[in-house]
2 protein chains.
Amino acid sequence: MELRHLRYFMAVASAQSFTKAAAALHVSQPSLSVQIRALEDELGSRLFDRLGRKVSLTQAGEVFHDHAERAVRELERAAQLVREVHGA
Amino acid sequence: MELRHLRYFMAVASAQSFTKAAAALHVSQPSLSVQIRALEDELGSRLFDRLGRKVSLTQAGEVFHDHAERAVRELERAAQLVREVHGA
DNA sequence: CGGGCTTACGGTGTGCGTAAATATC
DNA sequence: GATATTTACGCACACCGTAAGCCCG
């Protein structure tokens, strides 16, 4: 698992669509699809229900989303603080 | 920034040595060194003081360590919960 | 049928390891 | 002078984009 997977995952969850998420991330839809699939394989569960028109989080997906969001936030905060300190 | 950078960073902070951290991570010391450097470049601050024998966290490094640890923990927890749910 | 996700397939950037250089004690 | 980190260099793998395939409304 890499942060890229989390960023992609969050984008799809937010957009409820692979197509829109791919556009927002400036990557192609196939790349996004493959990476989400890799994440799902690693975690051993589907994270999204692909329902033709709308993509929605599975139960596992919602659980993951909750924690992933916190983790990403934590890292953004970490980077921000380091840049503020800027102390050698 | 990718999770790999965080894992490497945590390992060096823990071992207080690039050599030992590289062994623990099963990667070569040069690879580890390069990745830490990349992280430092991205954050705009040195995270470690290289003092010949001992490697120690800078002030920026300590700040980053605090948050990075929480983020990594959060992700481990997320993965664990998803594997437990295992619901579609 | 049409929009959208997936699978297939090459190309390319980047992380990795080996080897050489530099620095600190 | 030895141990430890950094720099140099080539390679291999994995991400990416394009193109083709599939599926659901």
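Note on naming: letters A, B, ... go to the chains in the order of the sequence lines (proteins, then strands), and numbering restarts at 1 for each one.
Residues satisfying the side-chain contact (heavy atoms from CB on, under 4.5 Å) criterion with A:A15, sequence neighbours excluded, are A:K20, A:A21. The salt bridge (charged side-chain N to carboxylate O under 4.0 Å, His left out) test applied to A:E76 returns no partner, not counting sequence neighbours. Residues that satisfy the salt bridge (charged side-chain N to carboxylate O under 4.0 Å, His left out) test with B:R77, not counting sequence neighbours, are absent from this structure. Residues meeting the side chain to side chain donor-acceptor pair (under 3.5 Å) test with B:R50, sequence neighbours left out: B:E40. Shown here are the salt bridge (charged side-chain N to carboxylate O under 4.0 Å, His left out) partners of A:R70, two or more places apart in sequence or in another chain: A:D66, B:E74. Remark: A:E69 engages A:R73 in a salt bridge (charged side-chain N to carboxylate O under 4.0 Å, His left out) (not counting sequence neighbours). Residues passing the side chain to side chain donor-acceptor pair (under 3.5 Å) test with B:S31, sequence neighbours excluded: B:S28. Residues passing the side-chain contact (heavy atoms from CB on, under 4.5 Å) test with A:V55, sequence neighbours excluded: A:V12, A:F18, A:F48. In terms of the ring-ring contact (aromatic ring centres under 6.0 Å, His included) criterion, A:Y8 has no residue partners (sequence neighbours excluded).
Residue A:F18 contributes atom CZ, which lies 17 Å from atom P of D:dC23 at whole-angstrom precision. The CG-C1' distance, from B:L3 to C:dG15, rounds to 15 Å in whole Å. Whole-Å rounding puts the A:I36 CD1 to C:dG4 P distance at 17 Å. Separating the CD atom of A:Q16 from the P atom of C:dG4 is a distance of 14 Å, rounded to the nearest angstrom. Nucleotide D:dC23 holds its P atom 24 Å from the NZ atom of A:K54, rounded to whole Å.
Of the side-chain N and O atoms in B:R37, none sit less than 4.0 angstrom from OP1 or OP2 of D:dT5. Contact annotation: A:T19 side-chain N/O to C:dG3 OP1/OP2 distance is not under 4.0 Å.
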Under 3.5 Å, which protein N or O atoms sit close to an N or O of nucleotides 13-17 of chain D? Give each pair with its distance.
| from | atom 1 | to | atom 2 | distance (Å) |
| --- | --- | --- | --- | --- |
| D:dC15 | OP1 | A:R4 | NH2 | 3.3 |
| D:dC15 | O5' | A:Q35 | NE2 | 3.2 |
| D:dC16 | OP1 | A:Y8 | OH | 2.5 |
| D:dG17 | OP2 | A:S28 | N | 2.8 |
| D:dG17 | OP2 | A:S28 | OG | 3.1 |
| D:dG17 | OP2 | A:S31 | OG | 3.1 |
| D:dG17 | N7 | A:S31 | OG | 3.3 |

What are the atom names and distances for every N/O pair under 3.5 Å that joins the protein to nucleotides 22-25 of chain C?
none

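Fit an axis to the five pairs at each end of the helix from C:dC1-D:dG25 to C:dC25-D:dG1 and the two axes sit 40° apart, to the nearest 10 degrees.
Here B:R7 pairs with A:E2 in a salt bridge; the nearest charged N to carboxylate O distance falls below 4.0 Å.
Just one residue in the list B:T58, B:L57, B:L6 forms a side chain to side chain contact (heavy atoms under 4.5 Å, CB included) with B:F64, and that residue is B:L6.
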